[in-house]
Each structure stands twice: as C-alpha cells, then as structure tokens.
A.B. asks: 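Pasting in a structure now, in structure tokens, and then I'll have a few things to ask.
Worth knowing before you read on, the calculation uses all heavy atoms, side chains too, and leaves out hydrogens, waters and symmetry mates. Read the numbers this way: they start at 1 and go in the same order the structure lists the ligands and their atoms.
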Amino acid sequence: MWNKKSVSFFNATLLLIIFVQAQVHATHFEHIKQITASSKSLVPVLIIGSGVAGLSAAIYTARAQLHTVVMAGNEPGGQLMGSSLVENMPGVTAVAGYKVIEQMEQQVQALGVHMLHDTVRTIKVASEGNHFIVETENDLTLHALTIIIATGASPNKLQVPGEVEFTNAGVFTCAVCDCRQATGKEVAVVGGGDSAIESVMHLAPYAKHITLLVRGKQMRASLAMQEKLKKYDHVAVLYQQRVIKIVEAAPVQEPSGTKNTDENSPWMSGVVIQHADNQEIKLLSAECVFVAIGHTPNSQLFAPLVAVDGNGYILLQGRTQLTSLPGIFAAGDVTDPRYKQAGRASGDAIAAGLDAIAYLHDKGFSVVTAQELAPYYFKNVVIEEEI
Ligand code: NDP
C-alpha cells in the first residue's frame, strides 16, 4: 500500500532523476558548444550520400526542424543519375533519373537542408563519446551529433573497352529499371548469380532473344533460380564465356562510298566474347547488355565503426535503421544486399530519419536546444549565396 510518505519519496526520486537527466543533457550540449564555438562546425544531422536515400532522410530530419547537412560525395545524386527512365518508383512515371534527383534536391533545399559538395575522408567518435568528428576531402572538420549513412552500392563493372562509352546506350546494370530498353532486341545478360537470372526474368517479356553469359563452368545462382530459366524458349545460356569488349556496328557504307551520316548517338551492337578453355573469340550480336555481376556496398569508410556483413553491407538492428553504433544510422543500398530499389531505399531512409530524430530527442535535443545551438551550426555559405 502507498502511504503519504512513500508517495512523497517517490515524487522526490522522480524529480531527482529528471534533474540529473536535464543536467546530463545540458552538459552534453555545453561541451559541443565549447568545441564548435570558433569553428561553427556543429551538425545535428549529417547525411552522407545524396542519392534517393540520403535526400529522403533529409526531408524528414529537416521537417523536424533539425539542422541537416547532406554531403554529396563522389557520385552526387547516386545511381539514379545514371538511370535512363525511372518508371518503377511509386508516383513517378517515365521521368529521367537525374530529373527525379533534381526535384528531390529542390525539395530538400526548400526545407533548409544544406548540400555540401564534399566527401568524407575520416570519421571517428569524439573522445567524449557524445558526437562524431568527420574530416572531409576539402579539409573541413564537422562535429555531428548523428550520422545517416546513405552511400549506396556500386554495381560491379566488367571493365572492358566499350563499357563506359555505351553506358545507357545499350549497356545497363539495372534490368528492373531499364527492361523496356530491351523491347524487341537481341539482349545479352552477363553473370551467373541470382541477380543475373532475375535480370533475365525481368527482360524476358520484352526482349526478342536473351543470351546469358556465364564466365564459369557453372552458375553460382541457386538451383531453384536456374530451374526458372527453363521455361523461356527464347533464352540461351553460354558457359565459360567472358566478355572482352562491347562494340558498335561497323559504319554502314553508302552505295556512293560515303559514310553513313546518321546523327543518332552511337548504340552498341554486339559483345566480343572469349571462351575460357580454347580462347576462341566470337562476336555475339546484341543491342543491349545487362551487366549483373554483383554490387559493392560503399561502406569501406564506416566498416571499422559499424558492423557489416561478410560482403560489406551495413548491418541493422531488427526492423530499424540503427547500426551497431548509437547515433549512426544507415539506409539504402549500402544496407541492402538483395532488393536495391529506389523506392525501397527511400522508405528505409525515411525510417532512418525518424530514428535519428528519436535519438536526438532522447538525448534532450528540443526546440530550445536547437535555438541555443544555432550559432554553432555549420552552414554551407557558398551554396546559400548561390540560392
Ligand atoms: P553474386 O555475387 O551472387 O554473383 C555474381 C556473379 O557474377 C557470379 O556468378 C560471378 O561469377 C559473376 N561475375 C563476377 N564478376 C564477373 C565478370 N567480370 N564477368 C562475368 N561474370 C562475373 O551477386 P548477385 O548480385 O547475383 O547476388 C547477390 C546476393 O543477392 C546473393 O546472395 C544472391 O543470392 C542474392 N539475390 C537473391 C535473389 C533471389 O533469391 N531471388 C535475387 C537476386 C539476388 P563467378 O560465380 O564465376 O564468381
């Protein structure tokens, strides 16, 4: 039974806890103020990566009145910048990838987000343990209270002549995104994993014929996936074939002897392949080649700080975007070994933004704190002036 004495004891204890917590929070932010007083380098939410994931997270943190900086990185805009038409993001019908990003950038900048065209060089936990120190390639030092990693994953490249030249002119890495480019065409798919087979399945309704080029004697894909290939009459599999070059059609000679003056930009017309055993070289006619040879998550910089899986994908806690290190969150392809879709990256990044907001609120960050800390914020003056 509760008597008067125990109730007042309980109330006093509660008040003491609240007081101690307030002191801890005050000390937490006092310390940050001292560190960033002269450098004006405080960033409550630092988002690393400016693709769909990074920009989606920024919408949420900025709308929660948290000063947010998005570091654009080596590939501003991420993978969508290289996608031809985006047709599979809910609400987006046949819009060029770069336009989707352009719109998202405008959206976040209108919300007050600062875009910083720089790249992380190093990142470490401050010795006091209450924030992160990020050094950039342009010699900035930022003090971040939270970080959202949204650096994506890069599709592995064949690294053969013609690959760069014909990117988006026959050479694609995302069958789900660019399957319509294969309509009525002879298509090659490179790879022997589950993604390669899945690519074939996405392309099958569109392509006239598909040749799957596997470099080894067998596929790495699961047997169940390999079984699925059998139902397509217009799919052939060639083993032990390496792509050594992607080529354009030889210029058509007009009867007069003059060159074809078609001003359309060049488009590939075939892949040169070489057999692994007998080294025989052949030209395979193909107007499109979809390269599906795996991805590399861009997590190298963060792997010492946060837990990653055997392939470098950042590991998350349950159905959250929390990494193994409190205060650091991650979203998008850098966490996703399987789906790698813009819509999914966006959704996960929204969750990462919400997780970062909850973390800061939990640390006592409030509208009042934000006002107190505002003079210490890092602001990207150059961009501000441009706007
Ligand atoms: P994987 O790493 O599983 O496979 C990559 C494939 O590409 C291998 O067959 C590899 O050949 C081949 N390869 C690598 N480099 C070259 C090159 N230069 N030239 C030609 N071929 C090359 O990657 P995936 O993206 O296929 O799959 C990633 C993960 O996602 C896997 O765990 C997979 O199971 C999973 N996944 C599952 C799906 C499903 O279950 N529906 C769908 C898609 C992915 P080699 O074998 O000779 O090394």
A.B. asks: State whether any protein heavy atom lies less than 4.0 Å from atom 32 (O) of ligand 1.
C.D. replies: no

A.B. asks: Counting only heavy atoms not in N156, do more than 12 fall under 6.0 Å of its CG?
C.D. replies: yes

A.B. asks: Starting from atom 7 (O) of ligand 1, what is the nearest protein heavy atom, named by residue and atom, and what distance separates them?
C.D. replies: I293 CA, 3.4 Å

A.B. asks: Please write down residue, atom name and distance for the protein heavy atom closest to atom 25 (O) of ligand 1.
C.D. replies: S195 OG, 2.6 Å

A.B. asks: For atom 4 (O) of ligand 1, what is the nearest protein heavy atom, given as residue, atom name and distance?
C.D. replies: G193 CA, 3.8 Å

A.B. asks: In terms of the angle between their ring planes, are F29 and F365 parallel, tilted or perpendicular, with boundaries placed at 30° and 60°?
C.D. replies: perpendicular

A.B. asks: Is it true that, when you exclude K185 itself, more than 12 heavy atoms of the residues, nucleotides or ligands shown sit nearer than 6.0 Å to its NZ?
C.D. replies: yes

A.B. asks: Counting heavy atoms only, which part of M225 comes closer than 4.0 Å to ligand 1: side chain, backbone, both or neither?
C.D. replies: side chain

A.B. asks: For Q274 versus Q279, what's the shortest heavy-atom pair and its separation?
C.D. replies: NE2-O, 3.1 Å

A.B. asks: Could you label the plane-to-plane angle of the F329 and Y359 rings as parallel, tilted or perpendicular, counting under 30° as parallel and over 60° as perpendicular?
C.D. replies: perpendicular

A.B. asks: For D233, does the CG atom have more than 12 heavy-atom neighbours from other residues, nucleotides or ligands under 6.0 Å away?
C.D. replies: no

A.B. asks: Nearest protein heavy atom to atom 41 (N) of ligand 1, by residue and atom, and its distance?
C.D. replies: E198 OE2, 3.0 Å

A.B. asks: Which residue supplies the protein heavy atom nearest to atom 46 (O) of ligand 1, what is that atom called, and how far is it?
C.D. replies: R220 NE, 3.1 Å

A.B. asks: Judged by non-hydrogen atoms, does N156 sit under 4.0 Å from ligand 1?
C.D. replies: no

A.B. asks: Among all protein heavy atoms, pick out the one at the shortest distance from atom 17 (C) of ligand 1; state its residue, atom name and that distance to 0.1 Å.
C.D. replies: R215 NH1, 3.6 Å

A.B. asks: Just to confirm my output: which protein heavy-atom neighbour is closest to atom 38 (C) of ligand 1, and how far is it?
C.D. replies: D194 CB, 3.5 Å

A.B. asks: Give me the residue, atom name and distance of the protein heavy atom closest to atom 19 (N) of ligand 1.
C.D. replies: L158 CD2, 3.8 Å

A.B. asks: Using distance only, find each side-chain donor-acceptor pair of residues 39-65 under 3.5 Å and give its atom names and separation, not counting sequence neighbours.
C.D. replies:
residue, atom, partner, partner atom, Å
S39, OG, S41, OG, 2.7
K40, NZ, A37, O, 2.9
S50, OG, A72, O, 3.1
S50, OG, G77, N, 3.0
S56, OG, V52, O, 2.7
S56, OG, S346, OG, 2.9
T61, OG1, A57, O, 3.4
T61, OG1, A58, O, 3.4
T61, OG1, T68, OG1, 2.9

A.B. asks: Side chain, backbone, both or neither: which applies to V243 and ligand 1 if a contact is any heavy-atom pair less than 4.0 Å apart?
C.D. replies: neither

A.B. asks: With heavy atoms under 4.0 Å as the rule, classify the contact between V214 and ligand 1 as side chain, backbone, both or neither.
C.D. replies: neither

